[in-house]
Amino acid sequence: MRLISPSILSSDFSILGEEAAACERAGADMLHIDVMDGHFVPNLTLGAPIVRSLRKRASLPFDLHLMISQPQRYIPDFAAAGADLITFHYESEGDPAETVRQIRDLGKKAGVSLKPGTVPECLLPLLPSLDMILVMTVEPGFGGQKFRADMTEKIRFLRGRCEEQGLSPYIEVDGGVTPETLPLAAEAGADVFVAGSFVFSAPDRRAAIEALRNA
Ligand code: DX5
Ligand code: ZN
């Protein structure tokens with residue numbers, strides 16, 4: 001089963017609520033919300049008040065991708081604002097096992113993301129506690145970059161280790177996903193696909209989401 005999570009980073013921020021609602025109407029399975037702090041990555045996006053406002057306009061699951069240096073400091077705000085799944089970066093500050101526990105104690109699903117340069121072995125001790133693994137297929141920070149096909153080995157490795165242990169977390173890929181690149185990640189074991197520029201530059205979002213699902 002392939003789930004599609006459009007990234008609102010590529011949407012029109014002046015009508016963000018309408019963009020979120022339109023994604024839901026167009027058949028998106030989740031809404032991917034990129035949070036950047038200008039420190040962990042060289043770009044700034046949005047915080048918990050905007051997530052709270054969006055929550056009133058869409059009921060699909062909110063898939064938060066925290067690209068911030070201090071996730072533990074902001075996770076309670078994002079949980080209260082209506083996030084369903086909270087993913088932080090393994091490379092950010094704080095003990096990852098503790099951050100996962102913090103998210104789960106708040107009643108939310110927990111994910112950990114890896115930058116392209118981070119080896120997948122670091123996640124092995126965490127696997128049993130994860131609802132999602134997010135494998136970045138670009139350097140985080142900006143939409144519209146080219147998919148890194150060399151990341152498929154990381155996906156395959158992680159899916160294999162999960163299967164050996166009878167675990168089935170989502171494996172999400174983010175960065176440069178199109179109908180051409182999605183099958184490479186799907187074949188390696190990914191099942192949730194983030195797409196920003198592909199969905200938001202399409203004249204027909206429903207058709208774009210369908211094209212990804214059927215790619
Ligand atoms: C990049 C973000 C992505 C981005 C993907 O750091 O995490 O979610 O919006 O955009 P595309 O699909 O255009 O690569
Ligand atoms: Zn993202």
Side-chain angles (χ1 to χ4, degrees), residues 2-13 16 19-20 22-23 26 28-47 50-51 54 60-69 71 74-75 78 83-92 103 109-118 131-152 154-155 170-186 190-203 205 207-213 215:
R2 293 178 179 180
L3 302 180
I4 309 299
S5 190
S7 164
I8 54 159
L9 184 62
S10 296
S11 71
D12 180 346
F13 274 39
L16 211 42
E19 296 277 54
C23 284
D29 298 292
M30 303 179 192
L31 190 67
H32 187 81
I33 303 178
D34 288 304
V35 177
M36 305 185 188
D37 65 355
H39 187 259
F40 184 77
V41 290
N43 197 3
L44 284 166
T45 55
L46 50 85
I50 292 182
V51 175
L54 288 178
L60 80 180
F62 280 3
D63 164 29
L64 254 73
H65 178 192
L66 303 182
M67 286 163 274
I68 64 178
S69 293
Y74 298 98
I75 281 167
F78 284 111
D84 296 283
L85 212 157
I86 301 180
T87 297
F88 65 97
H89 267 267
Y90 186 84
E91 305 86 355
S92 61
I103 296 168
K109 292 197 168 86
V112 180
S113 181
L114 300 179
K115 288 182 175 187
T118 304
D131 297 294
M132 182 185 276
I133 298 166
L134 169 50
V135 175
M136 290 305 297
T137 41
V138 297
E139 277 303 329
F142 300 92
Q145 303 181 73
K146 190 172 172 294
F147 180 86
R148 284 185 53 166
D150 55 333
M151 292 299 116
T152 51
K154 198 184 278 192
I155 299 166
Y170 289 133
I171 297 186
E172 180 175 62
V173 284
D174 183 8
V177 172
T178 66
E180 286 69 48
T181 58
L182 183 149
L184 302 170
D191 50 7
V192 182
F193 303 89
V194 176
S197 44
F198 179 75
V199 168
F200 286 95
S201 66
R205 302 228 172 113
I209 290 169
E210 278 308 300
L212 289 168
R213 229 194 292 280

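The residues of the chain are indexed from 1 along the displayed sequence. In each ligand, atom 1 is the first atom listed, and ligand 1 is the first ligand listed.
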Note to self: So for ligand 1, is D174 a polar contact partner (N or O within less than 3.5 Å, distance only)?
What the structure shows: yes

Check: Do other residues, nucleotides or ligands put more than 12 heavy atoms under 6.0 Å from K109 NZ?
Finding: no

Notebook entry, point to check: In a check of side chain to side chain contact (heavy atoms under 4.5 Å, CB included) between F193 and each of L182, T178, D174, which one passes?
Noted result: L182

Notebook entry, point to check: For ligand 1, which atoms sit closer than 4.0 Å to a heavy atom of G175?
Noted result: 14 (O)

Check: ligand 1 and G196, any nitrogen or oxygen pair closer than 3.5 angstrom?
Finding: yes

Margin query: Using only atom types and a distance under 3.5 Å, with no angle test, would you say the side chain of T181 pairs donor to acceptor with the backbone of G176?
Written below: yes

Next item on the list: For Y74, look at atom OH and say whether over 12 heavy atoms of other residues, nucleotides or ligands are found less than 6.0 Å away.
Entry: no

Next item on the list: Could you find the nearest protein heavy atom to atom 9 (O) of ligand 1 and give me its residue, atom name and distance?
Entry: S7 OG, 2.8 Å

Notebook entry, point to check: Protein N/O/S atoms under 2.8 Å of the Zn ion (ligand 2)?
Noted result: H32 NE2, D34 OD1, H65 ND1, D174 OD2

Notebook entry, point to check: What's the shortest distance from atom 14 (O) of ligand 1 to any protein heavy atom, and which residue and atom give it?
Noted result: G176 N, 2.8 Å

Next item on the list: Output yes when a side-chain donor or acceptor of S11 lies under 3.5 Å from a complementary backbone atom of L16, and no otherwise.
Entry: no

Next item on the list: Look up atom NE2 in H65 and atom OG1 in T87, then write down how far apart they are to the nearest 0.5 Å.
Entry: 7.0 Å

Note to self: Any nitrogen or oxygen of A195 lying under 3.5 Å from a nitrogen or oxygen in ligand 1? Just yes or no.
What the structure shows: no

Check: Counting each atom of ligand 1 from 1 as listed, which ones have a heavy atom of P140 under 4.0 Å away?
Finding: 6 (O)

Checklist line | Intermediate values then yes/no, side chain to side chain contact (heavy atoms under 4.5 Å, CB included), D29 and V192 | finding: CA-CA 9 Å; D29 298 292; V192 182; over 6 Å; no

Check: If you count the non-hydrogen atoms of other residues, nucleotides and ligands that lie under 6.0 Å from CZ in F147, is the total more than 12?
Finding: yes

Note to self: I'd like to know if the side chain of D63 pairs up with that of S5 as donor and acceptor (distance under 3.5 Å, no hydrogens or angles considered).
What the structure shows: yes

Checklist line | Proximal atoms of ligand 1 relative to V194 (non-hydrogen, under 4.0 Å) | finding: 8 (O)

Next item on the list: Could you tell me which atoms of ligand 1, counted from 1 in the order shown, lie closer than 4.0 angstrom to a heavy atom of H65?
Entry: 7 (O)

Check: Measuring from E210:CD to R205:CZ, what's the distance to the nearest 0.5 Å?
Finding: 15.0 Å

Check: If you count the atoms of ligand 1 from 1 in the order shown, which ones are under 4.0 Å from a heavy atom of S197?
Finding: 11 (P), 12 (O), 13 (O)

Check: Under a heavy-atom criterion of less than 4.0 Å, does F198 contact ligand 1?
Finding: no

Item checked: Within-4.5 Å side-chain heavy-atom neighbours: H89 and M67 -> yes

Next item on the list: Among all protein heavy atoms, pick the one closest to atom 10 (O) of ligand 1 and tell me residue, atom and distance.
Entry: G143 CA, 3.5 Å

Check: So is there a nitrogen or oxygen of M67 less than 3.5 Å from a nitrogen or oxygen in ligand 1?
Finding: no

Item checked: Note, V177 side chain near V194 side chain (heavy atom, < 4.5 Å) -> no

Checklist line | Element-labelled atoms of ligand 1 that are located less than 4.0 Å from some non-hydrogen atom of G141 | finding: 1 (C), 6 (O)

Margin query: Within the 4.5 Å heavy-atom criterion, are F40 and P71 side-chain neighbours or not?
Written below: no

Notebook entry, point to check: Between S10 and ligand 1, does any nitrogen or oxygen pair lie at a separation below 3.5 Å?
Noted result: no

Notebook entry, point to check: Does R2 use its side chain to pair, donor to acceptor, with the backbone of A215 at less than 3.5 Å?
Noted result: yes

Check: Which residue supplies the protein heavy atom nearest to atom 1 (C) of ligand 1, what is that atom called, and how far is it?
Finding: F142 O, 3.5 Å

Item checked: Numbered atoms of ligand 1 (with element) below 4.0 Å of H32, judged on heavy atoms -> 8 (O)

